[in-house]
Amino acid sequence: MTEITPNGVDTAALDKESRNASRAMLAEFWYYFSQNKGAVVGLAIFLALVIVAICAPLIAPHDPSLQYRDSFLTPPVWQEGGKAAFLLGTDAVGRDILSRLIFGAQYSLFIGVIVVGIALAGGITLGLIAGYVGGMVDTLIMRVMDIILAFPSLLLALVLVAVLGPGLTNAMIAIALVLQPHFVRLTRAAVMAERNRDYVVAARVAGAGHLRLMVKTILPNCLAPLIVQATLSFSSAILDAAALGFLGMGAQPPTPEWGTMLAEAREFILRAWWVVTFPGLAILITVLAINLVGDGLRDALDPKLKRS
Amino acid sequence: MPLLEIRNLRVEFDTAKGPFRALDGVDYTVEAGEVLAIVGESGSGKSVAMLATMGLLPDTATITADKMEFEGRDLRKLSAKERRKVIGKDISMIFQEPIASLNPCFTVGFQLSEALKVHTNLSKADRKARVLELMRAVGLPDPERRLSAFPHQMSGGQCQRVMIAMAIACAPKLLIADEPTTALDVTIQKQILDLLVKLQQDSGMGLIMITHDMGVVAETADRVIVQYKGRKMEEADVLSLFEAPKSNYTKALLSALPENATGDRLPTVSDFAGAGGF
Amino acid sequence: MSDDSILKVRDLYRTYDIKGGLFRKASTLTAVKGVSFDVKRGSTLAIVGESGCGKSTLARMLSMIDAQSSGSIEIGGMPIDIAKTGISREMRQMVQIVFQNPYGSLNPRQKIGHVLEEPLLLNTSMSAAERKALALEMLQKVGLQPEHYGRYPHMFSGGQRQRIAIARAIMMKPKLLVLDEPVSALDLSVQAQILNLLKDLQDEMGLTYVFISHDLSVVRYLADKVMVMYFGEVVEYGTRDEVFDDPKHDYTRTLFAATPQADVDSIRKRLAAKAA
């Protein structure tokens, strides 16, 4: 057997091998994800939405809050009376609906990211502690979560917003708080399943402390269900934000948030179908696309867990 | 006419890395009243063959065979309904994990009686009598009390006895045992093997033992098929296999047994393989 | 230390409290009942028994995963009682363990290099380059390639994973290695390779093994001394030849009788009995 020195082995080759291994993991993940055609379609829609949101100022034909005094409630272009300048028509105060929808995508994605971020961070921390420590701490955390879950989620969000005051930021905090128990439960269950596995014991024997065991050893192995839940929560966050907006407790007019747009259009439902239909469709398609992606992620991540 | 006759069996699985051939043209014949052992390491396709015969493989598997007959009936042509009639009644199977093979929600007595209900038209009282008889046949102590026991209240060995009772409930002509003792302790393994061989001799059914353990082969088999990576390496009666193995792979397996160790090091399989494998 | 024992265990007990429920009284279960033994430096002690005999509990106490209820463990002259003193870096470097299931004992999200370096990172003050050099050296020592350093555990076969687990265990050059059924999840041919590897490592590094197994043929091949456990108690303890040639206790005899015989004579005997 040859002795190897630090210089004896080609480090560049080792790094390349290591990158190959990471790439192989990704390739395998993509294979299982792409087996689910719906998920791929969902991902395409979602990516398109992200691009639209980022490039909103470039794509949008009009300023979202500019009111065209000469064209109130103009119907979409293919209907009689429609104008080529307003593809999806205008609302009651003459704002271009397409532009508002495009800018609304920014809000929806922003809401999704922030809400899921807050819920995930809080949920993982509490769930990790509850699952790892167990005993009284576990009982205490889980009972608080049970209490939160005992309220109808939208009602609780409404109450929180009523206390904090209406507005998009407060609505997001409220929704995050309502979604959090799901993450806590999921993390706790995954941590409890992993906690007594041999590799965790092996890390303990190697001398890993509690924090290292929790964060570096156990947590990465609990992420798969959390990623799936995060995607699904992303869509329910958008939905809840829209609902709060519709009830007047979320984003305030004239913000082009989809739910708020719906609320403003309520009184014109019978006269001008397009004012309500397009924001509604935008919400529907986005939520559907994200849910499809979540399904695909579940397919791709679950068998992986079983094999390794 | 042999009990089970399979010619040129091939099984392929679709995987992320393209099709994987688990079995590559293997023949199997089992006569009534015979104990056939299929022995091999993981990846040898030893379980896949019998799961294919039973129709228990997932949809990703493609099964082809030139011949696949049970008592002269072509298994490939049977409809799902006809196949169910054969499987479970004339052919039955027991698995490695006895506790996982039983439904944890129902009592042992209920599950045994269900197996009878599906394949026979005995009355309820007759079924109960037959269940007790079966439980005695597989050596479960105190069967009346065990009727209402749940699987988790029994040990692994007892659960395997229940599985065997369920498998022989309809007096099958062929019993397939897939690693029946791998999860059990040595002393329990001995009891279960003795039980299986005794039942086989009493009823004259065919028995296929799928195992990786040469000791189990030596203790039970009449005839042995050695498999490696989906191909048959050797087929011989048990005595000549152990006395004068023909294939290099069998030789390698036998010499890798620690009890056959001569000198300080154990020979490994790669010591026996030629340049291109076996 | 005047004598040559690296591990001294005296009168070791481990009890578990079983919580009482609505319909059940609280009780205690004694998994290990008063076990005493010595292991000589560089030798192998095999602990044999069936499931529930307390052999794994014993392994967990020796490798400082669980604390003993009473009794003393002394490794390399250092008394071990983690419930009272906790575990120091020095103690960690004395004992390591290899688990039975190579599929469960490696973190699926950790590359092999990091698996091997973790003990060094946590217990020594080596630089990253030194750790990497040592990890690469160990990979070769257990018969793997340097390019395996950056791969994930699921890219390896069971035998290779067990080699990695062994490499991790010897990274800190421990005095005592506890092997908890290290080959029982492996195929026969792979088992032979791992047993050879263990022998080589013992010769090369002067390791002392506590080898836990239910497989008597493996024990006979590897052990210097054998201890048979039954319901938490030691029923037989002696050199390998003493135990195998002249078992004293009934349970040991039952165990031997139950072990399948794969030799031609016993097959002949069985076939003759069947024909009769």
Side-chain angles (χ1 to χ4, degrees), chain A residues 1-29 135 190 193-213 215-224 227 301 303-308, chain C residues 60 63-65 87-89 91-93 95-115 117-124 127 129-130 132-134 136-137 139-141 143 145-155 165 168-169 171-172 178 180 204:
Chain A
M1 198 181 288
T2 49
E3 276 292 315
I4 42 169
T5 58
N7 316 328
V9 179
D10 186 1
T11 6
L14 280 185
D15 288 349
K16 188 163 162 265
E17 187 62 37
S18 174
R19 275 197 303 278
N20 279 348
S22 311
R23 211 171 296 146
M25 284 277 262
L26 275 178
E28 202 175 347
F29 165 78
E194 295 292 319
R195 190 177 54 182
N196 291 321
R197 299 267 307 267
D198 277 352
Y199 72 87
V200 181
V201 180
R204 239 174 88 196
V205 174
H210 292 304
L211 197 64
R212 189 185 170 86
L213 281 179
V215 178
K216 290 209 81 167
T217 312
I218 299 179
L219 184 59
N221 290 291
C222 302
L223 285 182
I227 292 171
L301 293 171
K304 178 148 215 94
L305 284 180
K306 271 176 224 144
R307 264 181 291 121
S308 47
Chain C
R60 288 174 72 93
S63 45
M64 294 183 266
I65 299 168
I87 309 172
S88 64
R89 279 184 167 194
M91 285 154 80
R92 285 248 180 264
Q93 299 188 22
V95 197
Q96 284 294 314
I97 184 166
V98 175
F99 293 100
Q100 168 175 9
N101 181 358
Y103 293 90
S105 66
L106 299 175
N107 187 343
R109 305 259 170 240
Q110 205 176 23
K111 288 183 176 173
I112 302 311
H114 298 147
V115 171
E117 286 173 19
E118 195 168 38
L120 299 178
L121 176 76
L122 295 168
N123 295 293
T124 65
S127 71
E130 283 173 299
K132 188 165 182 180
L134 198 58
L136 289 169
E137 189 191 322
L139 272 179
Q140 295 216 326
K141 202 172 236 172
Q145 306 301 317
E147 57 259 36
H148 292 150
Y149 181 88
R151 294 196 187 156
Y152 285 102
H154 72 92
M155 299 171 171
R168 168 177 60 191
M171 277 307 276
M172 290 196 294
V178 178
D180 190 356
E204 203 178 314

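Order of the sequence lines fixes the chain letters, A, B, ..., with proteins taken first and strands second; residue numbering starts at 1 for each chain.
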So, Glu194(A) and Tyr199(A): side-chain donor and acceptor under 3.5 Å apart, yes or no?
-> yes
Does a donor on one side chain sit under 3.5 Å from an acceptor on the other, for Asn101(C) and Asp198(A)?
-> no
Got Glu117(C) and Tyr149(C) here, is their nearest side-chain heavy-atom distance under 4.5 Å?
-> yes
Tell me, for [X] versus chain A, whether the close heavy atoms (under 4.5 Å) come from the side chain, the backbone, both or neither.
X	value
Ile65(C)	both
Arg168(C)	side chain
Asn123(C)	side chain
Ile87(C)	neither
Met64(C)	neither

Looking at Ser127(C) and Glu130(C), what are the two nearest heavy atoms and their distance?
-> N-OE1, 2.9 Å
Between Pro119(C) and Met172(C), the two heavy atoms sitting closest are O-SD, 3.7 Å
Heavy-atom distance under 4.5 Å to chain C: side chain of Lys216(A), backbone, both or neither?
-> backbone
Under 4.5 Å from a heavy atom of chain C, the part of Asp15(A) involved = side chain
Based on non-hydrogen pairs under 4.5 Å, which of Pro153(C), Ser105(C), Ser63(C) is most in contact with chain A?
-> Ser105(C)
Could you tell me the separation between the NZ atom of Lys132(C) and the NE2 atom of His114(C), rounded to the nearest 0.5 Å?
-> 8.5 Å
